[in-house]
K.L.:
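Here it is: the structure, laid out below.
Residue numbers count from 1 along this sequence.
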Amino acid sequence: QIAFSVLTSLEVLTQHPDVVEELFYLGGRMLNYCPEPFVSDESLLLAWFQCAMIGMQLDHRNANRGTYNFLEHVVACASKRPDIPPLQRTLQQVGATLTQNLVHALMGVFPAYCIRGGSGSISGILFHLGRIPALPLDQWMVPALSPAPERVRGDLITAFSTNDRNDFDARVHRFFVAC
């Protein structure tokens, strides 16, 4: 809570990239080793997401990667654990903005240091989002993709129907290159 009372804007995050990087890697480790206490406090989880939404805009390789690492861990946890209502409700709240930010990163509006592969990739976050049945991802994707060239929108949307992670990653990367 102390960190989130300080890390309130892009300017502040830009001034403290090492804090941002370590904070979000810590969040990812917490999700790996003790997810229940971490995701049971809805207000704290929402604060993590709100800060992460700002961190996605940060043009600092390590801080940006830490942010995306956290996001992939939390979304993967949600896809594997639909039995955690606070996590599912929080994703319902922030999902549209998260999806829009991910698409903005793929289109070059936000920095994108890891498109596919490894922990904390944009394709990894999108892949896991697509595995959460309660989320209206298709409703979130359509407006987020509207500025993208029409010829590449369809391939990205159909990528969500595949269970092959390599195929999904390749489609996301093709979308990134086309944009």
K.L.:
With a 4.5 Å cut-off on side-chain heavy-atom distances among I, L, V, M, F, W and Y, is there a chain of contacts connecting Tyr25 to Val19?
P.N.:
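Hydrophobic grouping puts Tyr25 apart from Val19.
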K.L.:
For residues Phe160 and Arg131, report the shortest heavy-atom separation together with the two atoms involved.
P.N.:
O-NH1, 3.7 Å
K.L.:
Output the distance between atom CG (Leu106) and atom CD1 (Ile122), rounded to the nearest 0.5 Å.
P.N.:
4.5 Å
K.L.:
Quick one: CG on Asn69 to CG on Leu26, what's the gap to the nearest 0.5 Å?
P.N.:
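One finds 11.0 Å between CG of Asn69 and CG of Leu26.
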K.L.:
Determine the minimum heavy-atom distance between Ser5 and Thr8, stating which atoms define it.
P.N.:
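The pair with the smallest heavy-atom distance is O-CG2, 3.4 Å.
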K.L.:
Give me the atom names and distance for the closest heavy-atom approach of Val152 to Cys179.
P.N.:
CG2-SG, 4.5 Å
K.L.:
Quick check for you: to the nearest 0.5 Å, what is the distance between Leu7 atom CG and Gln15 atom CD?
P.N.:
10.5 Å
K.L.:
So which pairs with a foot in residues 164-179 pass salt bridge (Lys or Arg N to Asp or Glu O under 4.0 Å), sequence neighbours left out?
P.N.:
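Applying salt bridge (Lys or Arg N to Asp or Glu O under 4.0 Å) to every pair that reaches into residues 164-179, excluding sequence neighbours, yields Glu72-Arg165, Asp155-Arg171, Asp155-Arg174, Arg165-Asp169, Asp167-Arg171.
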K.L.:
Are the side chain of Ser40 and the backbone of Pro37 linked by a donor-acceptor contact shorter than 3.5 Å?
P.N.:
yes
K.L.:
Hey, does Cys114 have a side-chain heavy atom less than 4.5 Å from the side chain of Arg65?
P.N.:
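The answer is yes, as the side chains (C-beta and beyond) meet within the 4.5 Å cut-off.
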K.L.:
Between Gly124 and Ser121, what is the shortest heavy-atom contact and its length?
P.N.:
N-OG, 2.9 Å
K.L.:
Let me confirm one number: the OG1-CD1 distance from Thr67 to Ile54, rounded to the nearest 0.5 Å.
P.N.:
10.0 Å
K.L.:
For residues Asp138 and Met141, determine if any side-chain heavy atom of one lies less than 4.5 Å from a side-chain heavy atom of the other.
P.N.:
no
K.L.:
Applying side chain to side chain contact (heavy atoms under 4.5 Å, CB included), run through His173 and Ile115 and close with a yes or a no.
P.N.:
CA-CA 7 Å; His173 189 260; Ile115 305 302; 4.2 Å; yes
K.L.:
Give the minimum heavy-atom separation between Pro17 and Ala63, together with the two atoms involved.
P.N.:
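Here Pro17 and Ala63 meet closest at O-CB, 3.5 Å.
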K.L.:
Would you call Phe24 and Leu71 a side-chain contact if the rule is heavy atoms closer than 4.5 Å?
P.N.:
no
K.L.:
Which residue pairs satisfy the side-chain hydrogen bond (donor to acceptor under 3.5 Å, both in side chains) criterion with at least one member in residues 79-88, sequence neighbours excluded?
P.N.:
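Residue pairs passing side-chain hydrogen bond (donor to acceptor under 3.5 Å, both in side chains), neighbours aside: Glu36-Arg81, Arg81-Asp83.
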K.L.:
Please answer: with hydrophobic residues joined when any side-chain heavy atoms are less than 4.5 Å apart, are Tyr33 and Leu23 in the same cluster?
P.N.:
no
K.L.:
Determine, stepwise, if the pair Val75 / Phe127 fulfils side chain to side chain contact (heavy atoms under 4.5 Å, CB included).
P.N.:
CA-CA 9 Å; Val75 173; Phe127 183 80; over 6 Å; no
K.L.:
Same cluster for Phe176 and Tyr113 if Ile/Leu/Val/Met/Phe/Trp/Tyr side chains link at under 4.5 Å?
P.N.:
no
K.L.:
Could you grab the distance from atom NE2 of His104 to atom OG1 of Thr97, nearest 0.5 Å is fine?
P.N.:
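OG1 of Thr97 is found 10.5 Å from NE2 of His104.
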K.L.:
Taking Asn64 for its side chain and Met56 for its backbone only, find out whether a donor-acceptor pair lies under 3.5 Å.
P.N.:
yes
K.L.:
Taking the side chain as everything from C-beta on, heavy atoms only, tell me whether His60 gets closer than 4.5 Å to Thr14.
P.N.:
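Answer no - side chains too far apart.
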K.L.:
Check the orientation of Trp48 and Phe4. Use parallel for under 30°, tilted for 30 to 60°, and perpendicular for over 60°.
P.N.:
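Trp48 vs Phe4 ring planes: perpendicular.
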K.L.:
Is Ser119 close to His73 at the side-chain level, that is, under 4.5 Å between some pair of heavy atoms?
P.N.:
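In short, these two side chains touch, coming nearer than 4.5 Å.
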K.L.:
Hey, what do you get for CZ (Phe175) to CZ (Arg151), rounding to the nearest 0.5 Å?
P.N.:
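Nearest 0.5 Å value for the CZ-CZ distance: 10.0 Å.
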K.L.:
What I'd like to find out is whether the side chain of Trp140 reaches to under 4.5 Å of the side chain of Leu135, using heavy atoms alone.
P.N.:
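Yes, at least one pair of side-chain atoms sits under 4.5 Å.
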K.L.:
Any non-hydrogen side-chain atom of Pro136 less than 4.5 Å from a side-chain atom of Gln92?
P.N.:
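Yes, close enough: below the 4.5 Å cut-off.
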K.L.:
Should Val74 and Leu45 count as side-chain neighbours, where that means a heavy-atom distance under 4.5 Å?
P.N.:
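Yes, side chains in contact.
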K.L.:
What is the minimum heavy-atom distance between Leu58 and Val20, and which atoms define it?
P.N.:
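Closest pair (atom of Leu58, atom of Val20, distance): CD2-CG1, 4.1 Å.
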K.L.:
In the hydrophobic clustering that connects Ile, Leu, Val, Met, Phe, Trp and Tyr at side-chain heavy-atom distances below 4.5 Å, which members other than Val109 occupy its cluster, ordered by chain and number?
P.N.:
Phe110
K.L.:
Check for me, please, whether Val142 and Leu98 land in the same ILVMFWY cluster - side-chain distances under 4.5 Å, paths through other members count.
P.N.:
no
K.L.:
Evaluate Leu44 against Phe38 for side chain to side chain contact (heavy atoms under 4.5 Å, CB included), listing each step before the verdict.
P.N.:
CA-CA 8 Å; Leu44 186 58; Phe38 184 78; 5.8 Å; no
